[in-house]
Protein chains: 2
Amino acid sequence: MKYSHKLSDAVHVLSYIEIFQDEDLSSKAIADSIESNPSLIRRLMSSLSKAGLLITRSGSVSPRLSRPADQISLLDIYLAIDDSHELLHVDKKTNMNCPVGRNIQDTLNVAYDQVQKAAEKSMQSIVLQDLIEDVLMREKNRNK
Amino acid sequence: MKYSHKLSDAVHVLSYIEIFQDEDLSSKAIADSIESNPSLIRRLMSSLSKAGLLITRSGSVSPRLSRPADQISLLDIYLAIDDSHELLHVDKKTNMNCPVGRNIQDTLNVAYDQVQKAAEKSMQSIVLQDLIEDVLMREKNRNK
DNA sequence: TATGGTGTTACTATATAAATAACAGTTACT
DNA sequence: AGTAACTGTTATTTATATAGTAACACCATA
């Protein structure tokens, strides 16, 4: 992926919504927690609801997860917010007059696919519920 | 921010050096194949030699792999050219006054580490020799 | 000792994402 | 119904990592 922390922010948003489901869930309140701005949060939430992970209602402060947190994987979130689905990137501009230049892209695409699959498999094994529990556990340990 | 194809270029450089070891291996010649410029290539090669993958001599056109291509993994190359060693990135700026904001970074670091390890394990299983053979095989198939 | 290459640093340009702004449309409340 | 608040979306600006370029001291070879 590019150097982006959208995935992190998306996990943050979903965790916040689940943890604080009975409190203020306006884009402003969530933005405060991320130290970002409401517009960005709304765009993130838009991606998440388009991907079927979040249920929102226009004009109404009522976001909620579309399914239990243990049925939402990190991979689901990653696929929802990352358009390219590529952690590694081939150089698109190589010399087609060179035997290496004209073949290296295909070669790397196959290799990178394998790495991507391994990463995605790992992401699939991590569910939002685990992340939320980890956050709450850390918070609990702070308070003693 | 731009996404990086340094890893791809590094694989390209090493493959080129191994394949064309008896021909012109000047940074200019390699840059032509990548459609980049000599200075960038020299910087890449500097990283690769610092990591012990490449042997070069200042002032002399004589780069060569420091060990057989089947003993250089994609992971070796990745570690040589990528400073941060992070495919995923946590948002460094979250609100420490919020229970989620002050814990999510640690939580995500653990999760991302797991994904990183999975990706790196996959990279370790791919060796430069495989990539070179794949390039040559593709070239051969073109010519029939 | 002249020519050409390397290794390195500094600087510029470019691309991508974050941040911000703006606003039509929706909801909720009185 | 009227109004205040919020969402969803698009457009614009800003920040910054990376590629690209330039420059040059040092080294190697003929």
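Sequence lines set the chain letters: A, B, ... in the order given, protein chains first and strands last, and positions in each chain run from 1. This is a predicted model, so every value here is computed, not measured. Side chains included, hydrogens not; waters and symmetry mates left out as well; all remaining heavy atoms used.
Residues B:Leu87 and A:Leu88 meet the side-chain proximity criterion, which asks for heavy atoms closer than 4.5 Å. Residues B:Leu128 and B:Glu18 have side chains not in contact (no heavy-atom distance under 4.5 Å, counting atoms from C-beta outward). With a 4.5 Å cut-off on side-chain heavy atoms, B:Ile30 and B:Ser26 do not count as touching. Proximity of A:Tyr16 to A:Ile34: side-chain heavy atoms (C-beta onward) are nowhere separated by under 4.5 Å.
Comparing A:Glu35 and A:Arg57, the nucleotide of DNA chain C nearest to each residue sits closer to the 5' end for A:Glu35. Nearest-nucleotide assignment on DNA chain C puts the 5′-proximal partner with A:Asn37, out of A:Ser58 and A:Asn37.
One atom, CG of A:Leu88, and another, P of D:dT18, lie 13 Å apart when rounded to the nearest Å. When the P atom of C:dA18 is taken as reference, atom OH of B:Tyr3 falls 16 Å away, rounded to whole Å. Across the protein-nucleic acid pair, B:Asp32 atom CG and C:dG5 atom P stand 12 Å apart, rounded to whole Å. Between A:Asp24 atom CG and D:dT7 atom C1' there is a gap of 14 Å when expressed in whole angstrom units. As a whole-Å value, the separation of B:Leu87 CG from D:dA17 P is 17 Å. At whole-Å resolution of the value, NZ in B:Lys93 and C1' in C:dA19 are 8 Å apart. B:His89 has its NE2 atom 16 Å from the P atom of D:dT16, to the nearest Å. Atom CG in B:Leu25 sits roughly 19 Å away from atom P in C:dG4 (whole-Å rounding).
With sequence neighbours excluded, no residue forms a salt bridge (charged side-chain N to carboxylate O under 4.0 Å, His left out) with B:Lys117. Under the salt bridge (charged side-chain N to carboxylate O under 4.0 Å, His left out) criterion, A:Arg42 pairs with no residue at all, not counting sequence neighbours.
Judged by distance alone, with hydrogens and angles left aside, the side-chain atoms of B:Gln105 form a donor-acceptor pair with the main-chain N or O of B:Asp91 at under 3.5 Å.
When only modelled atom types and interatomic distance are considered, A:Ser125 and B:Gln114 share a side-chain donor-acceptor pair under 3.5 Å. If you check the side chains of A:Tyr112 and B:Ser8, you find a donor sitting under 3.5 Å from an acceptor.
Contacts of residues 38-52 of chain B with DNA chain C (heavy atom under 4.0 Å): B:Ser39, B:Arg42, B:Arg43, B:Ser46, B:Lys50. A heavy atom lying under 4.0 Å from DNA chain D marks none of the residues of residues 101-109 of chain A. For the contact set between residues 5-16 of chain B and DNA chain C, defined by any heavy atom under 4.0 Å, there are no members.
An OP1 or OP2 oxygen of D:dT7 is reached within less than 4.0 angstrom by no side-chain nitrogen or oxygen of A:Lys28. The shortest distance between the side-chain N/O atoms of B:Ser26 and the OP1/OP2 oxygens of C:dG4 is not below 4.0 Å. For A:Ser27, no side-chain nitrogen or oxygen approaches OP1 or OP2 of D:dC6 to under 4.0 Å.
Applying the side-chain hydrogen bond (donor to acceptor under 3.5 Å, both in side chains) test between A:Asn103 and each of B:Glu139, B:Lys140, B:Arg138 identifies B:Glu139 as the sole match.
Using cut-offs of 30° and 60° for the angle between ring planes, the A:Tyr78 and A:His85 rings count as tilted.
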Pairs of donor and acceptor atoms involving the side chains of residues 59-69 of chain B, under 3.5 Å and at least two apart or interchain, shall be tabulated with distances.
{"from": "B:Ser60", "atom 1": "OG", "to": "B:Ser62", "atom 2": "OG", "distance (Å)": "3.0"}
{"from": "B:Ser66", "atom 1": "OG", "to": "B:Gly52", "atom 2": "O", "distance (Å)": "2.6"}
{"from": "B:Ser66", "atom 1": "OG", "to": "B:Leu53", "atom 2": "O", "distance (Å)": "3.1"}
{"from": "B:Arg67", "atom 1": "NE", "to": "B:Gln71", "atom 2": "O", "distance (Å)": "2.7"}
{"from": "B:Arg67", "atom 1": "NH2", "to": "B:Gln71", "atom 2": "O", "distance (Å)": "3.4"}
{"from": "B:Arg67", "atom 1": "NH2", "to": "B:Asp76", "atom 2": "OD2", "distance (Å)": "3.2"}

